[in-house]
Amino acid sequence: MFESKLPNLGTSIFSQMTALANKHQALNLSQGFPEFDAPELLKKQLNHYVLEGANQYAPSSGVAKLQQQIAALIARKYHNNINYEQQVTVTSGATEALFVAIQALVKEGDEVVVFDPAYDSYQPAIELAGGRSVHVALHAPDYKIDWQAVADVITEKTRVIIINTPHNPSGKIFKTEDINALKALVTKHDLYVISDEVYEHITFDGALHLSALIDPELFARSFVISSFGKTFHSTGWKMGYCVAPAQLMVEFRKIHQYVTFSSFTPAQHALADMLELEPEHVDELSCFYQQKRDLLSEALAQSRFKILPSEGTYFLLLDYSDVSDLDDVEFCQWLVEQAGVAAVPLSVFYNSASSDKVIRLCFAKNDDTLKCAAEILCQL
């Protein structure tokens, strides 16, 4: 009889809620994809390179000019001068990069510390590598990491800590004390870090993104994962990249070459041009999304929902405890079926379901969509 390697895994909540939204013709603020299109220059350059014939395999580690532009972006944003040839690998989305980094580090019996609520790809990748996830739960309203609780779960089997900043789904960002506490733990216990930074260019109210790239000691033990899809409103292209010290990148590339080998060639050329010719897009991204966060927050101010702080990403959390006694999964089903708005329940991001009555909305949507959704929610 066939035995599944992931027996407890079903269809993701994002697919479920999007299917429900389509079925009920609801406003879809559940799945985290932009409602608006990629920049015109990016689309124009993609078309240009397709017509020019850049349609065969790229080098496995990436097109050199894109690697160079990534290195230039890192130098500009994080003051870290990396070697693009040895330390940058372009991947088919950030999820591939996360998977490959986990496979490169995790061996049979290893333990990996994960902070819940967590992106749902971490645990399956850890299990496929033969490892075990050790979950540290964060809770509403502040979702602050208790670093002593992290220290308490570290054993001789611990191999990796996975961090995500800005954090999906809570919208929290790492502070200096978080970086320092993380560095102290991984140094003391000889651990590695996988830093999921796909929302790195989306932080609010003047806050800086504190990447693992900014601290030499921390970066020496880290794989840093980024996403072009989040940065350039092009999630369907599935383009991301990983940055790591040269000796770690050697191991990453051994696995990457047998997962996808290389990624969408014309898109790599187009992305390189976008980074070179319109660098202001990255710099303006925080302001662009802060306007949308503020629009949605202000439109919901008179509702019965409690709005939790969003310091980054394009997500906003709402506490619905004054609206309904249903658990969050049931409430989200009711919300899409009866009210016509699709959201995501936060408990599905936990290994042990949280009792917090909190849902996640995505505000990477057109202003009219956000206003319409807020109007509906204000009536509840």
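Sequential numbering from 1 along the given sequence is applied to the chain's residues. Bear in mind the structure is a predicted one, so any value in this text is a computation, not a measurement.
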Are the side chains of [X] and [Y] in touch, meaning some heavy atoms are under 4.5 Å apart?
X: Asp319; Y: Pro141; value: no
X: Leu377; Y: Leu300; value: yes
X: Phe99; Y: Ile102; value: no

According to the interplanar angle, ranging from 0 to 90°, do the rings of [X] and [Y] count as parallel (below 30°), tilted (30 to 60°) or perpendicular (above 60°)?
X: Tyr241; Y: Phe228; answer: tilted
X: Tyr350; Y: His139; answer: parallel
X: Phe288; Y: Phe36; answer: perpendicular
X: Phe252; Y: Phe223; answer: tilted
X: Phe331; Y: Trp334; answer: parallel

State plainly whether the residues [X] and [Y] are in salt-bridge range, i.e. N to O under 4.0 Å.
X: Lys175; Y: Glu311; result: yes
X: Asp367; Y: Lys292; result: yes
X: Asp110; Y: Lys107; result: yes
X: Arg76; Y: Asp283; result: yes
X: Lys306; Y: Asp322; result: yes
X: Arg221; Y: Asp190; result: yes

Lys172 to Phe115, cation-pi by 6.0 Å centre distance and 45° axis angle: no
Lys NZ or Arg CZ of Arg293 over Phe363 ring: under 6.0 Å, within 45°: no
Where the side chain of [X] meets the backbone of [Y], is there a donor-acceptor pair that is under 3.5 Å apart?
X: Asn164; Y: Asn168; value: yes
X: Gln86; Y: Ala246; value: no
X: Asn28; Y: Ala342; value: no
X: Glu35; Y: Asn366; value: yes
X: Tyr289; Y: Thr203; value: no
X: Ser222; Y: Leu218; value: yes
X: Thr165; Y: Phe174; value: yes
X: His256; Y: Ala97; value: no
X: Lys357; Y: Leu326; value: yes
X: Asn81; Y: Ala75; value: no

From Gln68, Gln67, Lys65, residue fulfilling side chain to side chain donor-acceptor pair (under 3.5 Å) relative to Tyr84: Gln68
For Ser226, the option from His201, Glu197, Glu200 that meets side chain to side chain donor-acceptor pair (under 3.5 Å): Glu200
is_close_aromatic(Phe315, Tyr199), centroid dist under 6.0 Å: yes
Aromatic ring proximity His233/His281, centre distance under 6.0 Å: yes
Looking at [X], I want to see if its [atom1] is surrounded by more than 12 non-hydrogen atoms of other residues, nucleotides or ligands under 6.0 Å.
X: Gln56; atom1: CD; result: no
X: Gln302; atom1: CD; result: no
X: Glu177; atom1: CD; result: yes
X: Glu375; atom1: CD; result: no

[atom1] of [X] to [atom2] of [Y]: how many Å apart, nearest 0.5 Å?
X: Ile161; Y: Glu111; atom1: CD1; atom2: CD; answer: 12.0 Å
X: Cys332; Y: Arg360; atom1: SG; atom2: CZ; answer: 10.0 Å
X: Leu346; Y: Ile359; atom1: CG; atom2: CD1; answer: 9.5 Å
X: Tyr314; Y: Leu285; atom1: OH; atom2: CG; answer: 9.5 Å
X: Leu51; Y: Leu46; atom1: CG; atom2: CG; answer: 9.5 Å
X: Glu276; Y: Gln45; atom1: CD; atom2: CD; answer: 10.0 Å

Heavy-atom pair with the smallest gap, counting every atom of [X] and [Y]:
X: Ala301; Y: Ile307; result: N-CD1, 4.3 Å
X: Ile225; Y: Ala101; result: CD1-CB, 4.5 Å
X: Val323; Y: Leu380; result: CG1-CB, 4.1 Å
X: Ser60; Y: Thr89; result: O-CG2, 4.3 Å
X: Ile202; Y: Pro166; result: O-CG, 3.8 Å
X: Gly131; Y: Val106; result: CA-CG1, 3.7 Å

Any side-chain donor near an acceptor of the partner, Asp328 and Tyr320, under 3.5 Å: no
Thr18 and Gln31 side chains, donor-acceptor separation under 3.5 Å: yes
side-chain contact (heavy atoms from CB on, under 4.5 Å) evaluation trace for Ile162 with Ile126: CA-CA 11 Å; Ile162 299 181; Ile126 293 164; 4.1 Å; yes
Residue pair His135, Gln123: steps toward the side-chain hydrogen bond (donor to acceptor under 3.5 Å, both in side chains) verdict: CA-CA 10 Å; His135 297 261; Gln123 183 161 321; 2.7 Å; yes
From CA spacing to verdict: side-chain contact (heavy atoms from CB on, under 4.5 Å), Ile214, Phe219: CA-CA 7 Å; Ile214 66 172; Phe219 178 56; over 6 Å; no
Chi angles and distances behind the side-chain hydrogen bond (donor to acceptor under 3.5 Å, both in side chains) call for Asp273, Tyr49: CA-CA 11 Å; Asp273 288 353; Tyr49 287 110; 2.7 Å; yes
Evaluation steps, side-chain contact (heavy atoms from CB on, under 4.5 Å), between Leu182 and Ile163: CA-CA 9 Å; Leu182 174 66; Ile163 64 169; 3.7 Å; yes
Criterion side-chain contact (heavy atoms from CB on, under 4.5 Å) on Ser263 and Gln268, from CA distance to verdict: CA-CA 8 Å; Ser263 299; Gln268 293 197 49; 4.0 Å; yes
Derivation of the salt bridge (charged side-chain N to carboxylate O under 4.0 Å, His left out) call for Lys183 and Asp215: CA-CA 9 Å; Lys183 182 172 68 171; Asp215 187 290; 2.9 Å; yes
